[in-house]
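Below is one structure; the comments refer to it alone.
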Amino acid sequence: LAALEGRPAAHGPRNDAIALVLAPTELPALRASVRDRFEPVIDSTLEITPEHANEARRIITAMQALRGALRAAEQGDPLLSLIRPRIEAVRARLAEIVLSDASLDDVDAILTLSRTGLAFGYVARTRVTVEARPELVSASPSWPTATTVAIPAELPPVVRPIEGLAAQPAITGARAGRVALRLEGEVPAHLVARVVRTLEGTPLAITHLMTREGRVRATFVREDAVPADAVRVAIRPGGYAIERRGGRRDDLPRLRVDGHWRFDREGLLRGLPPTGTRVLSANGATPAMELLETARVIAVDGAITIVL
């Protein structure tokens with residue numbers, strides 16, 4: 001009665017189970033109810049990521065309270081017998097909660113590119129089964145643990161797929177999903193283009209770019225697939241160029257600020273029309289991080305098209 005009326009009620013396995021059954025069954029509300037009512041009683045180390053472990057322990061505690069309530073129902077507790085179907089329904093709902101880093105909900109794996117290789121790991125996602133056992137539901141290895149594949153030190157001058165890379169067992173055996181590309185160290189833009197071309201058609205096809213400030217959805221196209229009415233932004237060593245249909249072009253040279261040269265992103269945004277398709281390309285020697293950061297800045301609704 002106290003739970004129904006929103007008043008504090010005494011804690012205990014029976015009362016806790018009843019309070020949880022009376023809580024809303026939408027997952028966000030159910031998670032909040034578990035966080036508010038259940039203190040973790042599991043001391044053992046869970047083989048899941050530390051950021052998920054405490055919430056997993058609370059869910060396990062809640063699952064154990066529900067399991068105890070089901071046993072009491074089997075032994076004839078009249079109230080718990082009456083609400084047994086709801087107890088089982090809530091237990092099933094708790095088992096649907098997936099614990100993961102909310103900031104990575106839109107990607108399944110992270111691919112790190114350096115000058116020497118590719119390293120990929122899957123975003124760790126965990127759930128607690130109805131038997132109150134935590135299990136990893138993402139593929140292995142879970143990022144930041146990663147599988148590494150070497151990139152040859154010598155590459156041909158023409159940008160094309162890296163020979164033999166896509167056939168590596170670590171790549172052909174990967175799980176398909178949404179892959180975010182991040183950079184480690186200084187990498188030229190042409191290496192990004194080579195890797196994207198290499199991974200086309202493999203399970204690790206790239207769908208997102210991961211920048212310092214966030215992510216952007218990325219679509220990669222060849223030169224002949226660029227829409228005729230697109231506004232093109234080109235990154236060159238000396239700055240930006242904005243090219244519009246009809247051949248009109250505006251150049252934005254790099255700016256000298258505090259003794260350093262930087263790209264004029266503010267001027268770029270001012271020079272772009274507010275609507276229409278935007279397509280980005282980069283000189284091969286351009287730092288790849290500038291490609292990613294510019295993509296994030298000029299993306300429309302969080303998405304950008306990049307010419308390989």
Side-chain angles (χ1 to χ4, degrees), residues 101-104 106-107 110-119 143-144 151 155 157 159 179-197 206-221 223 226-227 229-308:
D101 185 340
S103 68
L104 296 173
D106 56 350
V107 299
I110 297 172
L111 180 74
T112 301
L113 170 63
S114 68
R115 284 184 175 271
T116 58
L118 297 174
W143 190 80
I151 292 176
L155 297 171
V159 175
V179 179
L181 174 69
R182 66 186 288 269
L183 303 177
E184 185 175 273
E186 296 182 0
V187 176
H190 72 80
L191 192 54
V192 173
R194 293 174 194 268
V195 168
V196 171
R197 289 191 180 190
I206 296 165
T207 59
H208 292 70
L209 303 176
M210 183 175 285
T211 76
R212 295 187 184 96
E213 302 297 331
R215 282 183 308 285
V216 59
R217 298 188 308 278
T219 301
F220 299 93
V221 301
E223 185 67 41
V226 175
D229 60 347
V231 174
R232 301 187 56 153
V233 175
I235 311 175
R236 298 187 172 93
Y240 294 123
I242 303 174
E243 301 175 2
R244 297 176 176 83
R245 188 175 184 179
R248 180 185 167 189
R249 171 172 158 163
D250 297 320
D251 289 310
L252 286 83
R254 288 198 291 171
L255 304 175
R256 183 88 170 166
V257 179
D258 296 331
H260 300 280
W261 291 100
R262 70 173 182 84
F263 287 86
D264 184 7
R265 293 178 190 163
E266 295 81 4
L268 176 61
L269 283 176
R270 289 194 300 269
L272 288 172
T275 59
T277 303
R278 299 174 180 179
V279 175
L280 179 63
S281 63
N283 174 279
T286 300
M289 184 56 75
E290 184 58 39
L291 172 68
L292 269 62
E293 293 293 346
T294 302
R296 181 187 61 81
V297 168
I298 70 170
V300 177
D301 296 328
I304 189 66
T305 297
I306 298 176
V307 182
L308 294 176

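Not measured: the values here are computed from a predicted model. Every heavy atom of this structure was used, including side-chain atoms; hydrogens, water molecules and symmetry mates were not.
Residue Val233 is tested with Val279, Leu268, Val307 for a side-chain contact (heavy atoms from CB on, under 4.5 Å); the sole match is Leu268.
Listed here is the closest heavy atom pair of Ala299 and Val216: CB-CG2, 3.5 Å. Minimum interatomic distance between Val107 and Ala180 (heavy atoms only, all atoms of both residues): CG1-CB, 3.8 Å. Heavy-atom minimum distance, Ala295 versus Leu209: CB-CD1, 4.0 Å. Smallest separation of non-hydrogen atoms from Thr112 and Arg182: OG1-NH1, 2.9 Å. Minimum interatomic distance between Leu291 and Ala282 (heavy atoms only, all atoms of both residues): CD1-CB, 4.0 Å. Taking all atoms of both residues into account, the shortest heavy-atom contact from His208 to Ile206 is O-CG2, 3.3 Å.
Remark: Thr294 engages Tyr240, Glu290 in a side-chain hydrogen bond (donor to acceptor under 3.5 Å, both in side chains) (not counting sequence neighbours). For Asn283, there are no side-chain hydrogen bond (donor to acceptor under 3.5 Å, both in side chains) partners, not counting sequence neighbours.
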Taking distance alone, no hydrogens or angles, what donor-acceptor pairs closer than 3.5 Å link side-chain atoms of residues 271-278 to residues at least two apart or in another chain?
from   : atom 1 : to     : atom 2 : distance (Å)
Arg278 : NH1    : Ile298 : O      : 3.1
Arg278 : NH2    : Pro273 : O      : 3.0

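A donor-acceptor pair under 3.5 Å is absent between the side-chain atoms of Glu243 and the main chain of Ala234, judged by distance alone.
Under the 4.0 Å criterion applied to side-chain N and carboxylate O atoms, Arg217 and Asp301 are not assigned as salt-bridge partners.
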